Amino acid sequence: MTVTRFAPSPTGYIHVGNLRTALMNYLIARKTGGSFILRLDDTDRERSKQEYIDGLKADLEWLGLTWDRLEQQSLRLDRYAEVADGLRESGALYEVFETPTELDLKRKKLLNMGRPPVYDRAGLALSAAEKDRLRAERDGYWRFRLDQDRTEWADGILGEVSIDTASVSDPVLIRADGQVLYTFASSVDDVDMGITHVVRGADHVTNTATQIQIMRAMGGTPPAFAHHSLLTGPQGEGLSKRLGTLSIRDLRARGVAKEALLSLMARLGSSQPVELMMSLDEIAEGFDLAQFGAAPTKFDAEDLWPLTRARNHALPFETVRDRVLALGVPAETAERFWRVASQNITTLDDLGPWWALCRDGAEPVVAAEDAAFVAEAMALLPAPPFGETTWADWTAAVKAATGRKGKALFMPLRLAVTGQAQGPDMAELMPLLRRVRAKA
Ligand code: GLU
């Protein structure tokens with residue numbers, strides 16, 4: 001069975017970049033009737049916060065990306081300790097003592113000699129007596145001994161990848177204070193949880209080489225990996241600094257529809273066109289990881305608005321009934337109000353001003369040359385409530401009285417009644433209007 005996971009670190013709110021990862025893993029599981037795990041990578045006790053855990057769960061639930069199982073790394077520390085013991089025994093994990101300053105010096109020396117700044121494995125050469133002496137001064141920490149060879153895998157997006165781990169420093173897996181680092185915990189989890197597919201950002205490619213080796217060293221089978229390109233801004237600029245304003249919760253608060261986010265993220269960076277899809281089923285059906293390319297993917301938050309608009313235009317009344325009623329729209333006109341207003345909004349918050357217009361009338365817009373015409377027309381408009389034929393009857397009467405027709409007839413009336421040059425079909429709108437300020 002396919003098992004995928006989304007593994008955020010709860011050190012912040014999730015953003016569009018995370019969503020892309022979450023969605024791809026969710027869709028792979030969903031398409032194959034597999035299982036999707038939400039795994040909290042929370043071994044960093046200082047930076048992980050309950051607030052972020054609650055936040056990311058709420059965001060995923062809102063999006064409909066529900067998980068079949070929840071896992072939390074901070075609850076698995078005993079297991080990591082057990083695997084670490086095994087790796088120490090086999091010599092895959094070795095103790096080191098260099099301070100950051102010492103490491104920095106080593107790095108600079110290597111760079112000066114024109115060599116790659118790869119850790120020199122001095123820790124491997126320490127005798128038991130030397131280690132004891134060092135331990136008396138400071139706590140040791142643990143590095144994983146990489147095979148100095150190439151690590152290769154068939155990447156679901158990048159194709160054949162080959163990483164020369166001789167040019168990678170042996171990674172620190174366990175810190176001096178005992179904290180297990182992500183690279184290690186993630187490898188243990190992926191093996192233990194039977195993860196079959198991992199999709200994540202291209203920033204993890206080097207990690208993958210390391211993790212494949214860790215998994216093999218612990219006797220496990222690595223999953224299939226795929227690395228999606230990272231998102232950039234519309235001009236190709238890095239997004240990392242701006243991701244804070246691109247959190248799912250902020251976009252949601254600004255009225256972005258979840259269907260817009262999901263539809264965009266399911267297709268952006270792929271060879272398939274971005275189009276509005278109204279359900280995760282529909283999205284899953286057309287989803288194909290092989291359609292995604294390795295090039296950086298431009299993301300423009302503005303693209304979310306046309307999709308949000310299209311989604312709101314397509315929403316059936318039943319799904320927004322409560323929201324419409326909450327505005328104070330009377331039950332008997334609520335459906336008509338939605339029919340009329342929904343075609344003229346971007347976010348659902350835009351319904352408020354449309355209802356205010358129906359209830360209180362709009363500030364009229366009257367061009368100087370139309371002032372007399374509008375005054376004459378207003379005298380011909382009966383008092384509210386208006387009916388189904390009010391607009392037709394009224395405009396016919398105004399036409400007869402003034403001789404105007406077409407745009408010259410309709411546009412000044414629309415502007416006078418709604419204050420806007422564009423908007424709903426006037427015949428449909430009139431029965432909703434309780435007041436026309438231009439008449440006062
Ligand atoms: N916690 C890691 C991250 O958010 C997970 C990466 C992975 O999928 O392995 O980057």
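Both ligands and their constituent atoms are indexed starting at 1 by order of listing. The structure displayed is predicted, hence computed values, not measured ones. We're numbering straight along the sequence, starting at 1.
Partners of Asp44 according to the side chain to side chain donor-acceptor pair (under 3.5 Å) rule, which considers only residues two or more places apart in sequence or in another chain, do not exist here. Taking the ring pair (Phe, Tyr, Trp, His ring centres under 6.0 Å) definition, one finds that Tyr182 meets it with His204, sequence neighbours left out. Considering only residues two or more places apart in sequence or on other chains, Ser279 meets the side-chain contact (heavy atoms from CB on, under 4.5 Å) condition with Asp281, Glu282.
A donor-acceptor contact under 3.5 angstrom links the side chains of Trp153 and Asp155, judged on distance only.
No close placement of the Trp142 and Tyr94 rings is indicated, their centers lying 6.0 Å or farther apart.
Between Phe292 and Phe287, the two ring planes are tilted [angle within 30° to 60°].
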Give every pair formed by an N or O atom of ligand 1 and a protein N or O atom closer than 3.5 Å, one pair per line with both atom names and the distance to 0.1 Å, or write none.
| residue | atom | partner | partner atom | Å |
| --- | --- | --- | --- | --- |
| ligand 1 | 1 (N) | Ala7 | O | 2.8 |
| ligand 1 | 1 (N) | Ser9 | OG | 3.1 |
| ligand 1 | 1 (N) | Asp41 | OD2 | 2.7 |
| ligand 1 | 8 (O) | Arg5 | NH1 | 2.6 |
| ligand 1 | 9 (O) | Arg5 | NH1 | 3.4 |
| ligand 1 | 9 (O) | Arg5 | NH2 | 2.9 |
| ligand 1 | 9 (O) | Tyr182 | OH | 2.5 |
| ligand 1 | 9 (O) | Arg200 | NH1 | 2.7 |
| ligand 1 | 10 (O) | His204 | NE2 | 2.9 |

